[in-house]
Amino acid sequence: MSALNPDYLFVFILAAFVGFQLIKKVSPLLHSPLMSLTNAIAAVVIVGAITITGEEGATPLAKTLGFIAVFCATVNLVSGFMITDRMLKMFKPRGK
Amino acid sequence: MHAFVPFAAIISSSLFILALMWMSHPSTARRGVRAGEIGMLIAIIGALVQHEVVDYNLILIAMIAGAAVGIPMALLMPMTAIPQRTAISHAFGALAVGLIGAAEYYKHAHAEYAGSFVLWALMFEMLLGFLTCTASVIAFAKLQELMGSRPVSFAGQRVVNGGVALATVVIGAMLAIDPTQTYLFPVFVGLALLFGILLVIPIGGADMPTVIALLNSYAGLAASAMGFALGNKLLIVAGALDGASGFILAVIMCKAMNRSFANVMFGGFGAVVAGAAGGKDDRVVRSASAEEAAMQLENASSVVIIPGYGMAVAQAQHKVSELYQALTKKGVDVKFAIHPVAGRMPGHMNVLLAEANVPYEQLVELDDINPELPQADVALIIGANDTINPSARDDPQSAIAGMPIIEADRAKSVFVIKRSMNAGFAGIDNPIYYNSNTQMLFGDAKDMVGTIAKELAGGGSGLH
């Protein structure tokens, strides 16, 4: 608990490399939807917020902070995914 | 059911990676969104079925309330507000991260955790989370024009910013070393929030694409740091993907302006006051009417349209699309040249033009369009200024020297739709307006483009 678990660093480095490779391939056409998609994905912090809010023995303070965090993350992930899809729907090839 | 929990994280991470992979092309991108949604659903179910979670009431209320806000926001948001929406969503995401960090800190505010890795990770997470939150709110306020988009600067700004940054880090470190000093915690949070504000107020509107990308990256890194603190690999992966994405976009934006991160963040670039170039007054500007422009466009065989932030401000994208349709019908080849920093966020112009039904094949990147411009009969500039300024290429003394530009001046003839002769954001004189092959179309972008499109659709050859 008191030191860095090297496994986490390992996962982080790999994910960052995968991220760099994938993002480099994204067409500049889609940079706006990309940004809103990654923002929606980052709302996965809701996982942490759920644990804090609902865990056994959570203090009223933790519950309050967790509640607001769940709310914020939900707003982000719901609107993030929906707006990304709305944007992408508009990108049409010729003749459509 | 509990055996599902570790696998949920693996499945979600894979789906998030697939989501980004499929974003590479418009034809598969919507599948990417589906993958992301399913990944998120699995992650949430995984979190809800954990042993530790015993009370669901608050969670469900918060989620329903969040959906009640998020769904109408997603459905009603006009596409022109996408940059603001992105900024405010970074604020929401970062606030969530910061608050989770705060709750975790109070859980760990005992002597036995002193100096532990968890605390260091939490402090780092909260620093990024809270500063990104207020920085994004300021970015939102600037984009929404609740606040002037001009940079705010004051004497000793760097000293103040440096001092606040240092104080935040020092107090954060003191808390990590001795977490029982809970009275310091609100000070730490306050300083981090203040630092976020200070970081963005000196940044002008045209630098927003870089700033938004950078804040996107910070929000991701904060989520990753939270993953380290909570020992949650899914958060580490999702945060790293988001962090990498924001970082790459910020690098692309910086390159497109030939500037460094440091220069964008601390340069106060927009503060450059319009330095009157010598001999400005004796140069001649030719102006033309919509009819004349329509006639030349009609007789052209290839036209390149160069949109800028001015098109977004005037909401002219639908009229521009009408013009595109009218010209295409007459057999004119029309392409759009998109500069990476045109607009207020990465990809801003593409979204607006796609919304107005311009096929995405016609939207061409800077490096691909420049070799074609010398063959283009007409370059039509709509609300772009600094991104087509030839002095970036020709004048080593220029404040934007070396910035890659769309070489509109190389086209056989150039039309510029502009409200007046005021300088652009950078406050730099633009020689393209005085070139002998340039004609100015003074007026509002929407009205001007609309008039030209009407001429083309209605009058046609009757003009001759």
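In what follows, chains are A, B, ... by sequence order, proteins preceding strands, each numbered from 1.
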| Which bit of B:Leu119 is near chain A, if near means a heavy-atom gap under 4.5 Å: side chain, backbone, both or neither? | neither
| said: Can you confirm whether B:Ile236 sits close enough to A:Leu9 that some side-chain heavy atom of one is under 4.5 Å from a side-chain heavy atom of the other? | reply: no
| Between B:His25 and chain A, which part of the residue has a heavy atom less than 4.5 Å away: side chain, backbone, both or neither? | backbone
| Got a donor-acceptor contact below 3.5 angstrom from the B:Arg85 side chain to the A:Ile83 backbone? | no
| said: So for A:Ile46, is it side chain, backbone, both, or neither that comes closer than 4.5 Å to the heavy atoms of chain B? | reply: side chain
| query | A:Val45, A:Val78, A:Leu37: which one forms the most heavy-atom pairs within less than 4.5 Å of chain B? | reply | A:Val45
| said: Using heavy-atom distances under 4.5 Å, tell me whether B:Gln362 contacts chain A through its side chain, its backbone, both, or neither. | reply: side chain
| Region of A:Ala40 that comes under 4.5 Å of a non-hydrogen atom in chain B | backbone
| query | What residue in B:Leu241, B:Ile212, B:Leu48, B:Val54 has the most heavy-atom pairs under 4.5 Å with chain A? | reply | B:Val54
| task | Check whether B:Ile64 gets within reach of chain A through its side chain, its backbone, both or neither, counting any heavy atom under 4.5 Å. | result | neither
| request: Kindly compute the distance separating OG1 (A:Thr38) from CD1 (B:Ile248), expressed to the nearest 0.5 Å. | output: 11.0 Å
| remark: Honestly, the part of B:Glu355 sitting under 4.5 Å from a heavy atom of chain A is both
| field | Spatial distance of atom NZ (A:Lys24) from atom CD1 (B:Ile252) [nearest 0.5 Å] | value | 10.0 Å
| query | By a 4.5 Å heavy-atom criterion (distance strictly below it), what part of B:Ile17 contacts chain A: side chain, backbone, both, or neither? | reply | both
| task | Could you check whether the rings of B:Phe247 and A:Phe20 sit parallel, tilted or perpendicular, using 30° and 60° as the cut-offs? | result | perpendicular
| field | Contacting region of B:Met226 [heavy-atom separation from chain A under 4.5 Å] | value | side chain
Under 3.5 Å, side-chain donor or acceptor atoms of residues 67-76 of chain B against the rest of the protein: list the pairs with distances, not counting sequence neighbours.
none

| B:Val237, B:Leu353, B:Asn57, B:Val358: which one forms the most heavy-atom pairs within less than 4.5 Å of chain A? | B:Val237
| Can you tell if the side chain of B:Val351 reaches within under 4.5 Å of the side chain of A:Phe91, non-hydrogen atoms only? | yes
| note | The interface call for B:Asn357 against chain A, heavy-atom contacts under 4.5 Å, is side chain
| task | Under 4.5 Å heavy-atom distance to chain A, tell me which part of B:Thr86 shows up: side chain, backbone, both or neither. | result | side chain
| A:Pro6: what forms a side chain to side chain contact (heavy atoms under 4.5 Å, CB included) with it, not counting sequence neighbours? | none
| query | For A:Ile52, is it the side chain, the backbone, both or neither that has a heavy atom under 4.5 Å from a heavy atom of chain B? | reply | side chain
| request: Quick one: pull up OG1 in A:Thr74 and CZ in B:Phe92 and give me the separation to the nearest 0.5 Å. | output: 11.0 Å
| message | With a 4.5 Å cut-off on side-chain heavy atoms, are B:Asn232 and A:Thr51 touching? | response | no
| task | Measure distances from B:Ala19 to the heavy atoms of chain A and classify the residue's part below 4.5 Å as side chain, backbone, both or neither. | result | both
| remark: Looking only at B:Ala102, B:Ala238, B:Gly231, most heavy-atom pairs under 4.5 Å shared with chain A are made by B:Gly231
| query | Can you find a heavy atom in the side chain of A:Pro28 that is under 4.5 Å from one in the side chain of B:Ile338? | reply | no
| request: Decide yes or no for A:Phe12 and B:Leu221: does some side-chain heavy atom of the first lie under 4.5 Å from some side-chain heavy atom of the second? | output: yes
| message | What I'd like to find out is whether the side chain of B:Gln50 reaches to under 4.5 Å of the side chain of A:Glu55, using heavy atoms alone. | response | no
| B:Leu230 portion near chain A, given a 4.5 angstrom heavy-atom threshold | side chain
| Note, B:Arg34 side chain near A:Asp85 side chain (heavy atom, < 4.5 Å) | yes
| With chain B, which of A:Arg86, A:Lys25, A:Met82 has the greatest number of heavy-atom pairs at distances under 4.5 Å? | A:Arg86
| Relative to chain B, which of A:Ile41, A:Val11, A:Asp7, A:Val18 shows the most heavy atom pairs under 4.5 Å? | A:Ile41
| said: Within this structure, what is the CG-CG distance for the pair B:Leu95 and A:Leu65, rounded to the nearest 0.5 Å? | reply: 9.5 Å
| task | Name the region of A:Leu30, side chain, backbone, both or neither, that has any atom closer than 4.5 Å to a heavy atom of chain B. | result | both
| query | What option among B:Pro346, B:Ser12, B:Gly243 has the most heavy-atom pairs under 4.5 Å with chain A? | reply | B:Pro346
| query | So do A:Met35 and B:Ser245 actually touch side chain to side chain, heavy atoms under 4.5 Å? | reply | no
| Side chain, backbone, both or neither: which part of B:Tyr106 has a heavy atom under 4.5 Å from chain A? | side chain
